[in-house]
Amino acid sequence: MKAAGRSVRTRLRDHLAASDPGLLRLTAGLRTVGAIALTLAVLASAGFDVTHLVAGAMAAMVATFAIREKQRGAQAVTLAVGLPVALVSVSLGAVLGERVVVGDAFFVVLIFAAVYGRRFGDRGTALGLIGFQVYFVSLFVGASPAQLPGLWAVLAVAFACSALVRFAVVPVTPAGLLLRLRTAFRARLGRLVSAQLALLDAGPDEADKALEDMREGTARLHETALMIQSRLEEGTPDESTARLVQRRIADAEIAAERLGLLLLSARSAQRADTLTLHLPGAPAPEVGRLPGPDEATAVLRRDLLALRALVVRTGAGGTGVAQLRNRLLGYRDEENLPVATPAVRDVFRAVGETARAVMGLRIALEGPQDESDDSPATARSREELDAEDAAIDAGEEAETEAAESPKGLRRPTTRAAVQVSVGSALAIAGGELLSAHRWYWAVLTCWIVFINTASTGEILVKGYRRLLGTVFGVVAGILLAALVGGHTWTAFFLVLVLIFAMFYTAPLSYTLMSFFVTAMLGLLYTLLHTYSWEVLVLRVEETALGAACGVVAAALVLPVHTDRRTNELLVTVLERLAGVTEAAVGQLSGGPAGDLLDKARELDQALGDLRSATQPLTHPVTPLRARRTNARYVVALLETCAYHARSLAATAELLPTHPSIAADPRLRGAAGRTVRNIVTIADRVADEDVTVPVETGPSIASLLGGDGTARYGRITDRVLRHLERLDEAVVGLARPLAVPVKTPDR
């Protein structure tokens with residue numbers, strides 16, 4: 001029974017880790033709810049009235065979610081500086097609240113300063129948020145100068161409680177967060193292997209669903225890998241350890257993605273293109289029974305189950321785990337591969353390489369392992385991993401690069417500040433026409449739709465989602481207000497539940513977050529005895545007005561159109577893709593070693609920015625169906641290119657330690673066409689007058705002097721496959737981006 005209980009707990013833990021990597025959403029919800037609950041308890045015991053309790057709850061929420069620095073010391077400084085900012089803001093709100101013209105003018109100036117402060121990093125952003133939100137709180141509770149001493153005390157309590165919960169009750173250290181992210185990576189890797197198992201057994205009617213699950217699992221694994229890489233510097237004791245973990249995470253991710261692709265190819269009547277894994281909604285290729293003897297299929301199913309066990313199991317594992325590991329690592333030797341077709345044998349090789357990557361990840365995360373039961377294949381894999389570790393240590397250099405803020409960021413910051421100020425001025429004017437007392441809801445919406453957006457299209461989509469969530473939230477607020485009635489502490493309890501739900505769902509759905517916010521506000525109005533049907537309807541009207549003002553300001557004042565924004569980001573992605581490819585091929589050709597994994601991470605980050613910026617183009621409600629299809633296709637092709645570039649970079653870094661992977665000078669010339677084509681496409685996107693065509697020609701293998709079927713001694717087939725697929729994907733980008741293609745004369 002105890003073992004069964006532990007198994008259930010383990011599955012629940014893995015499920016939570018996979019659904020919420022690093023428990024970031026859970027932590028945010030618990031911190032905020034904890035800070036608010038503690039603030040309410042302190043204020044209630046001190047005898048403050050309901051108005052001050054509401055102000056304290058909102059101030060505690062602001063003091064908690066505004067702080068975004070990663071280091072605890074920086075968080076403490078920002079929180080300490082934030083309290084004086086909050087005191088000044090609430091004082092000005094109370095004094096200017098009854099002076100309509102002066103108060104409105106100051107609110108616009110405050111909004112400009114708050115947005116402009118983003119150029120000063122996380123601290124500037126946090127202080128701007130605190131200043132704006134606390135001013136809003138003063139308007140919400142109707143603060144007056146006579147109430148200021150009590151409000152100052154409330155703010156001091158709220159900030160103190162927020163600090164206590166952040167640093168003592170729900171502490172998050174960089175090392176602890178990184179540990180949870182590693183657990184999430186392992187859980188998501190196990191889920192991806194489960195999806196690959198489902199694909200192996202899927203019938204013709206189940207293939208599309210199995211492929212979609214594998215596609216989603218691959219994307220989520222990559223998302224977690226990027227989160228880990230962003231936390232390595234703060235969460236590891238030294239740079240050498242960070243580099244080692246980064247390398248092992250990249251190896252495991254690439255190996256798992258390659259395994260899924262080869263499995264799909266083996267089940268298909270024709271070769272499955274890598275694009276199939278990256279294009280949402282793309283149908284699965286026609287699949288049939290896995291070719292070859294049925295025994296091979298049964299063995300592959302057994303080995304995928306064994307691979308999943310190796311991934312999810314923690315601790316030493318014992319003799320049984322060692323036997324599984326030895327068997328899987330044996331597939332790295334040709335003589336151990338079962339009798340099957342070449343495509344199926346490739347899948348078994350990929351299982352062996354994934355098992356090796358999992359073992360390397362386990363060593364990097366858990367330290368040295370028991371080697372008493374190692375087979376010769378396992379011992380050889382350990383020696384390779386040790387050699388790679390030594391190469392990473394030897395390659396560490398003491399030079400550090402100054403983290404400078406790109407000058408190009410300054411202009412967008414100023415532009416956003418001007419746009420928000422103009423939009424807020426419009427929202428104030430229109431909001432006061434709707435209500436002389438609730439006009440600030442329009443300003444709040446206008447402010448929020450500009451946060452983390454950079455183009456008119458993004459603002460339009462965010463405004464639509466906020467309005468949709470608000471409409472449904474009003475209905476929920478009406479029902480909750482009717483149920484709670486005059487039960488003050490029941491209402492406060494439901495407020496805490498809604499706030500937790502708001503923060504837990506915020507990264508997943510902005511519509512859901514807006515729903516919970518509006519439902520919570522209905523309860524707050526009930527507590528302040530200002531609730532009515534008219535107030536909640538007015539909330540919808542002010543929200544719609546604020547969103548409209550934000551869109552108008554974004555479209556008319558220093559506009560950044562979605563096409564321009566996506567083109568700029570697309571050029572950045574292409575430039576980084578060319579840089580990673582050229583550096584990897586250069587190293588594979590015998591050139592000097594470089595920091596390839598960091599270059600690959602920069603490419604992934606740029607691609608993530610592009611993916612976010614194309615959301616207005618790919619949103620389901622967009623009327624431009626052709627543009628939506630085109631944007632999704634381009635992003636999917638770029639993800640395919642990034643996968644092959646990451647794989648080339650990872651292979652190039654194996655050169656110093658793997659005798660089977662030797663530098664080949666011919667690669668530089670063979671891959672030169674691919675790099676030139678990437679640069680050509682980037683130039684065309686940046687300047688429509690550029691008419692240089694993309695070049696096509698013989699395969700990479702033939703450029704190396706072969707016919708594309710022979711195995712090469714100096715480079716691996718894997719390198720050839722990645723180069724050829726990358727070349728094909730780059731040429732494929734030409735058509736949707738309207739770049740001419742030049743076919744050589746025969």
Side-chain angles (χ1 to χ4, degrees), residues 3 6-7 10-11 13-15 17-18 179 181-201 214 217-218 220-221 224-225 228 244-245 247-260 262-263 298-333 336-338 347-386 388-389 650:
R6 283 196 299 270
S7 178
T10 300
R11 287 197 298 269
R13 183 193 63 198
D14 289 345
H15 176 78
L179 178 61
L181 285 173
R182 294 170 183 174
T183 303
F185 183 85
R186 180 178 287 157
R188 285 192 166 179
L189 181 56
R191 287 193 168 193
L192 178 55
V193 177
S194 296
Q196 292 166 351
L197 262 167
L199 179 65
L200 175 66
D201 295 326
M214 191 170 74
T218 303
R220 289 183 178 277
L221 184 69
T224 310
I228 290 174
L244 177 60
V245 174
R247 176 57 202 247
R248 297 301 172 225
I249 290 289
D251 284 347
E253 179 195 355
I254 292 169
E257 189 166 359
R258 183 185 299 119
L259 173 59
L262 291 174
L263 179 61
V299 171
L300 181 56
R301 183 180 299 107
R302 179 200 67 182
D303 289 337
L304 286 175
L305 286 168
L307 178 61
R308 184 176 63 185
L310 289 181
V311 170
V312 300
R313 190 165 300 185
T314 58
T319 304
V321 172
Q323 291 175 348
L324 294 179
R325 182 187 62 225
N326 292 341
R327 186 177 77 238
L328 299 185
L329 289 172
Y331 292 139
R332 301 185 68 219
D333 296 330
N336 293 327
L337 295 174
V347 178
F348 278 100
R349 290 190 189 95
V351 169
E353 292 299 329
T354 307
R356 177 193 181 276
V358 170
M359 185 173 71
L361 181 62
R362 186 179 294 277
I363 293 172
L365 300 183
E366 300 177 5
Q369 309 290 302
D370 181 14
E371 304 177 16
S372 59
D373 295 317
D374 281 0
S375 66
T378 303
R380 186 167 61 254
S381 296
R382 286 193 192 278
E383 291 172 359
E384 293 172 357
L385 293 170
D386 290 341
E388 291 174 21
D389 296 350

Across all chains, not counting sequence neighbours, the side chain to side chain donor-acceptor pair (under 3.5 Å) partners of Arg182 are none
Q) Taking the side chain from Arg188 and the backbone from Arg220, do they hold a donor-acceptor pair closer than 3.5 Å? A) yes
Ala195 meets the side-chain contact (heavy atoms from CB on, under 4.5 Å) criterion, sequence neighbours left out, with Asp213, Met214
The side chain to side chain donor-acceptor pair (under 3.5 Å) partners of Ser381 (sequence neighbours excluded) come to Arg332
Sorted by chain and number, sequence neighbours left out, side-chain contact (heavy atoms from CB on, under 4.5 Å) with Ala255 holds for Thr354, Ala357
Sorted by chain and residue number, the side chain to side chain donor-acceptor pair (under 3.5 Å) partners of Asp374 (sequence neighbours excluded) come out as Arg325, Arg382
Sorted by chain and number, sequence neighbours left out, ring pair (Phe, Tyr, Trp, His ring centres under 6.0 Å) with Tyr331 holds for Phe348
Sorted by chain and number, sequence neighbours left out, salt bridge (charged side-chain N to carboxylate O under 4.0 Å, His left out) with Asp303 holds for Arg327
With sequence neighbours left out, the residues meeting side-chain contact (heavy atoms from CB on, under 4.5 Å) with Leu179 are none
Residues passing the salt bridge (charged side-chain N to carboxylate O under 4.0 Å, His left out) test with Arg380, sequence neighbours excluded, are Asp333
Smallest heavy-atom separation, Leu259 atom then Ala350 atom, equals CD1-CB, 3.7 Å
Sequence neighbours excluded, the answer for salt bridge (charged side-chain N to carboxylate O under 4.0 Å, His left out) partners of Arg258 is none
By side chain to side chain donor-acceptor pair (under 3.5 Å), Asn336 pairs with (sequence neighbours left out) none
